Amino acid sequence: MIDLRLLRTDPDGVRVGLARRHKPAVVALLDEAIGIDERLRELTSARDSLRAEVNELSRQVGTHKRNGDEDQAAAAAEQSRQLGDAEREMAARFDEVSEELRQLMLVIPNIPHPDAPDGASDTDNPLCEGPVMPEGFAEHQRVPHWETATALGILDSERATKISGAMFTMQRGAGATLARALCQFALDRNSDAFEEIRPPSLVLTSTLTATGHLPKFADDAFAIERDDLWCIPTAEVPLTSIYSGEVLDVTELPIRMMAFTPSFRREAGSAGRDTRGMLRSHEFDKVEILALATAEQAPDLLTEMVGRAVALMQALGLPYRVIEICTGDMGQSHHRSFDVEVYAPGCDQWLEVSSVSWFGDYQARRANIRYKARDESGTPKKGTELVHTLNGSALAVPRVWAAIIENFRQVDGSVRIPEALWPYMRGIQQIGP
RNA sequence: GGAACGGUGGCAGAGUGGACGAAUGCACCCGCCUUGAAAGCGGGCGGCCGAAAGGCUCGGGGGUUCGAAUCCCUCCCGUUCCGCCA
């Protein structure tokens with residue numbers, strides 16, 4: 001959620017900031033929220049002053065009773081009872097308006113960072129690093145991974161569909177080993193700075209709301225309705241909420257965590273796209289890195305985390321590039337965001353293999369993750385501040401898997417395994433004849 | 001799933017209808033004392049909303065009452081025992 005106080009003190013600033021997303025509906029929501037908030041504040045003070053009177057009268061009842069003055073006590077009680085009725089009515093109206101405002105605030109997106117590039121859609125995303133299009137591929141690399149992998153017996157999409165329906169994949173033999181090796185590799189490469197976590201893969205509604213996936217994107221997630229649980233679409237979801245409702249000490253920050261988890265996505269809006277191979281599926285494995293930080297620590301962490309995602313692609317020897325996400329293409333919770341893409345010569349596509357984002361305090365406000373600041377002498381400051389959250393995929397398995405199969409396909413149809421993965425491959429350095 | 005007992009501030013732990021936003025201890029902060037520290041003494045010390053007055057907050061929600069940490073209902077969580085189970 002964006003800061004309600006900022007909305008009150010600088011509504012125009014917020015309006016200008018959100019307008020950069022190029023979504024007129026968003027600004028309309030904002031204006032609606034401003035109006036509701038004004039009503040809410042009027043109700044608050046009306047309700048509070050009624051409560052203050054009831055409380056004061058109740059105190060008087062006590063005092064009178066202690067003094068043995070029953071008549072006065074009864075009179076005050078009667079008066080208090082009448083005010084109490086009015087208070088209840090006012091409180092009910094407050095609750096109604098308050099919930100209305102909350103629901104609205106939950107769907108208002110984050111304000112883009114001033115340095116985020118302006119743009120209307122993904123075609124405006126500027127290139128930060130790497131080639132527009134890499135060159136020098138041989139004919140034997142121009143084979144889609146699903147053909148190569150099926151021929152090698154390491155991808156069995158047909159049987160995956162038999163088991164679970166469309167948009168599920170299954171790797172076998174060296175292909176399954178490769179998928180797992182990629183995870184192990186990504187975890188090991190980040191274990192210098194990130195605590196490894198194995199979080200739950202099913203979460204409460206409140207957990208999925210904290211990251212911004214609910215209420216707006218309910219259609220994109222798998223729900224287990226009978227038990228009121230959701231399948232996580234990314235490890236970002238459980239990791240972000242690990243410290244929800246807690247007050248951390250600034251000396252603990254930044255907190256860095258990483259996790260290997262399955263990720264479940266309904267892909268409701270993508271029906272019919274990328275239906276072949278491993279480019280898009282309902283379930284895939286991913287290693288995620290995440291940090292909780294102060295506002296001051298966040299920019300450097302963002303750079304570092306993009307660098308970590310890039311370093312993995314370099315170590316694997318895959319052609320990659322980094323693009324920054326423009327204001328019109330950003331996700332709801334994003335403040336600033338970068339994608340790492342690798343090139344897959346077989347299907348001739350840039351594949352998004354990592355998305356690293358800074359969320360400002362947007363998620364922390366939803367999840368209520370705060371910290372106690374300290375001054376120069378180390379004395380705790382009064383009050384608390386919201387942390388900033390950042391996260392990114394270190395490595396999303398299927399697309400990297402696909403890119404490896406295509407980039408390292410040999411003339412004879414076999415696939416060479418990048419040397420960085422050898423320690424995790426049980427001695428397999430090449431798949432195929 | 002069944003039963004019993006619990007859930008109070010950073011922690012421990014009192015509090016069974018009114019003077020309780022909450023004793024006491026520990027931790028923490030400021031000051032005095034000290035060469036420095038400890039001890040001692042004095043003071044302070046949760047969070048949220050609000051410009052303030054004031055309001056809210058004793059696991060969540062609802063109820064009884066003029067008034068609820070305290071009584072009632074319900075849900076959640078924890079501990080122990082039983083059942084079941086990988």
Side-chain angles (χ1 to χ4, degrees), chain A residues 1-11 33-34 36-102 104-105 198 200-210 224 226-230 238 241-253 255 361 364-387:
Chain A
M1 277 186 287
I2 58 171
D3 186 4
L4 196 54
R5 212 172 313 181
L6 183 66
L7 193 55
R8 284 169 192 166
T9 54
D10 185 19
I34 291 170
I36 293 174
D37 179 54
E38 271 167 29
R39 265 203 293 148
L40 188 67
R41 277 185 293 164
E42 286 164 18
L43 286 171
T44 308
S45 61
R47 183 201 60 180
D48 283 1
S49 56
L50 278 170
R51 277 185 183 170
E53 285 185 70
V54 170
N55 287 343
E56 174 54 27
L57 283 164
S58 295
R59 268 190 288 272
Q60 287 178 17
V61 174
T63 310
H64 290 316
K65 284 207 168 168
R66 239 170 288 122
N67 297 338
D69 202 337
E70 289 299 328
D71 288 350
Q72 292 221 48
E78 173 55 27
Q79 204 184 341
S80 177
R81 192 179 303 129
Q82 286 173 13
L83 279 172
D85 291 340
E87 188 274 336
R88 259 185 294 280
E89 201 176 305
M90 194 63 80
R93 278 170 60 193
F94 171 89
D95 290 346
E96 231 170 81
V97 175
S98 173
E99 181 56 23
E100 197 183 336
L101 180 61
R102 198 183 98 85
L104 200 51
M105 290 300 285
R198 179 42 258 237
S201 308
L202 303 182
V203 298
L204 301 170
T205 298
S206 56
T207 305
L208 204 55
T209 304
I224 300 168
R226 187 172 70 172
D227 298 296
D228 197 22
L229 288 167
W230 301 79
S241 284
I242 281 182
Y243 292 103
S244 68
E246 299 191 27
V247 180
L248 304 160
D249 191 287
V250 67
T251 55
E252 299 176 78
L253 300 176
I255 292 176
D361 58 15
R365 187 171 290 106
R366 289 165 161 256
N368 193 24
I369 311 168
R370 294 168 294 164
Y371 70 94
K372 196 87 183 160
R374 292 172 181 270
D375 62 22
E376 303 75 31
S377 66
T379 307
K381 289 187 184 169
K382 194 153 175 56
T384 53
E385 293 181 49
L386 291 164
V387 303

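In the text below, chain A, chain B and the rest are named by the order of the sequence lines, each starting its count at 1. The structure displayed is predicted, hence computed values, not measured ones.
Comparing B:C66, B:C56, B:G47 by their closest approach to the side chain of A:Arg51 singles out B:C56. Looking at the side chain of A:Thr384, the nearest of the listed nucleotides B:G18, B:G47, B:C49 is B:G47. When the nucleotides B:G47, B:C66, B:A19 are ranked by their closest atom to the side chain of A:Ser58, B:C66 comes out on top. Distances from the side chain of A:Val61 to the nucleotides B:C49, B:G55, B:G18 place B:G18 closest. Of all nucleotides listed (B:G47, B:A19, B:C66), B:G47 comes nearest to the side chain of A:Lys372. Distances were taken from every side-chain heavy atom of A:Ser80 (C-beta onward) to each of B:C49, B:G47, B:C66; the shortest belongs to B:C66.
Distance check on atom P: B:C11 versus B:C56 gives 24 Å, rounded to whole Å. Using atom P as the reference point in both B:A51 and B:G1, the two lie 47 Å apart (nearest Å). Taking atom C1' on both B:U70 and B:G6, the two are 16 Å apart, rounded to the nearest angstrom. Here the separation of B:U80 from B:G10, taken at their P atoms, is 25 Å to the nearest Å. Nucleotides B:U24 and B:C45, compared at atom C1', are 15 Å apart to the nearest Å. Comparing B:C48 with B:A37, their C1' atoms are spaced 39 Å from each other, to the whole Å. One P atom belongs to B:A52, the other to B:G59, and the distance between them is 29 Å to the nearest Å. Of the C1' atoms belonging to B:G2 and B:C84, the separation is 11 Å, rounded to the nearest Å.
Between the side chain of A:Ser49 and the backbone N or O of A:Ser45 there is at least one donor-acceptor pair closer than 3.5 Å. Remark: the backbone N or O of A:Val387 is not paired with any side-chain donor or acceptor of A:Arg370 at under 3.5 angstrom. Side chain of A:Arg47 to backbone of A:Ala91: no donor-acceptor contact under 3.5 angstrom is found. Side chain of A:Thr9 to main chain of A:Arg5: a donor-acceptor pair is present (N/O by atom type, distance under 3.5 Å, no hydrogens or angles). Under the 3.5 Å distance criterion, the side-chain polar atoms of A:Glu53 are left unmatched by any main-chain donor or acceptor of A:Leu50. A donor-acceptor pair is defined here as one N or O able to donate and one able to accept, closer than 3.5 Å; no such pair exists between the side chain of A:Asp227 and the backbone of A:Leu229. Using a distance-only test at 3.5 Å, with no hydrogens or angles considered, a donor-acceptor pair links the side chain of A:Ser244 to the main chain of A:Ser241.
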(request) Could you please spell out the steps behind the salt bridge (charged side-chain N to carboxylate O under 4.0 Å, His left out) verdict for A:Arg59 and A:Glu56? (result) CA-CA 5 Å; A:Arg59 268 190 288 272; A:Glu56 174 54 27; 3.4 Å; yes

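Across all strands shown, B:C45 remains unpaired; no Watson-Crick or G-U wobble contact has both distances below 3.5 Å. When both distances must be under 3.5 Å, the Watson-Crick or G-U wobble mate of B:U80 is B:A3. Searching all strands for a Watson-Crick or G-U wobble partner of B:G10 with both distances below 3.5 Å returns B:C26. For B:U35, there is no paired base (Watson-Crick or G-U wobble, both distances below 3.5 Å). The nucleotide B:A52 finds no pairing partner, because no Watson-Crick or G-U wobble arrangement with both distances shorter than 3.5 Å includes it.
B:C66 atom P lies 19 Å from atom CG of A:Asp69, rounded to whole Å. One interatomic measurement links the two molecules: CZ of A:Arg81 to P of B:G67, which rounds to 8 Å at whole-angstrom precision. Put simply, CG on A:Leu43 is 15 Å from P on B:G50, counting in whole angstrom units. Whole-Å rounding puts the A:Arg47 CZ to B:G55 P distance at 11 Å. Here B:G50 presents its C1' atom at 12 Å from CG of A:Leu4, a figure rounded to the nearest Å. A:Asn55 places its CG atom 15 Å from the P atom of B:C20, with the value rounded to the nearest Å. Computed from coordinates, the A:Arg59 CZ to B:G18 C1' distance equals 11 Å when rounded to whole Å. Distance CG (A:Asn368) to P (B:G60): 14 Å, rounded to an integer number of Å.
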Under 3.5 Å between N/O atoms: give me all the protein pairs with nucleotides 7-12 of chain B, atom names plus distance.
none

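Contacts of A:Thr63 with the nucleic acid, taken as non-hydrogen atoms under 4.0 Å apart, are absent. When heavy atoms are screened at a 4.0 angstrom cut-off, A:Arg41 is found touching no nucleic acid atom at all. Backbone-only contact: A:Ala52 has heavy atoms under 4.0 Å from sugar-phosphate atoms and none from a base.
Between A:Tyr243 atom OH and A:Asn368 atom CG the span is 15.5 Å, to the nearest 0.5 Å.
In terms of position along RNA chain B, the nucleotide closest to A:Gly62 lies nearer the 5' end than the nucleotide closest to the other residue of the pair A:Ser49 and A:Gly62.
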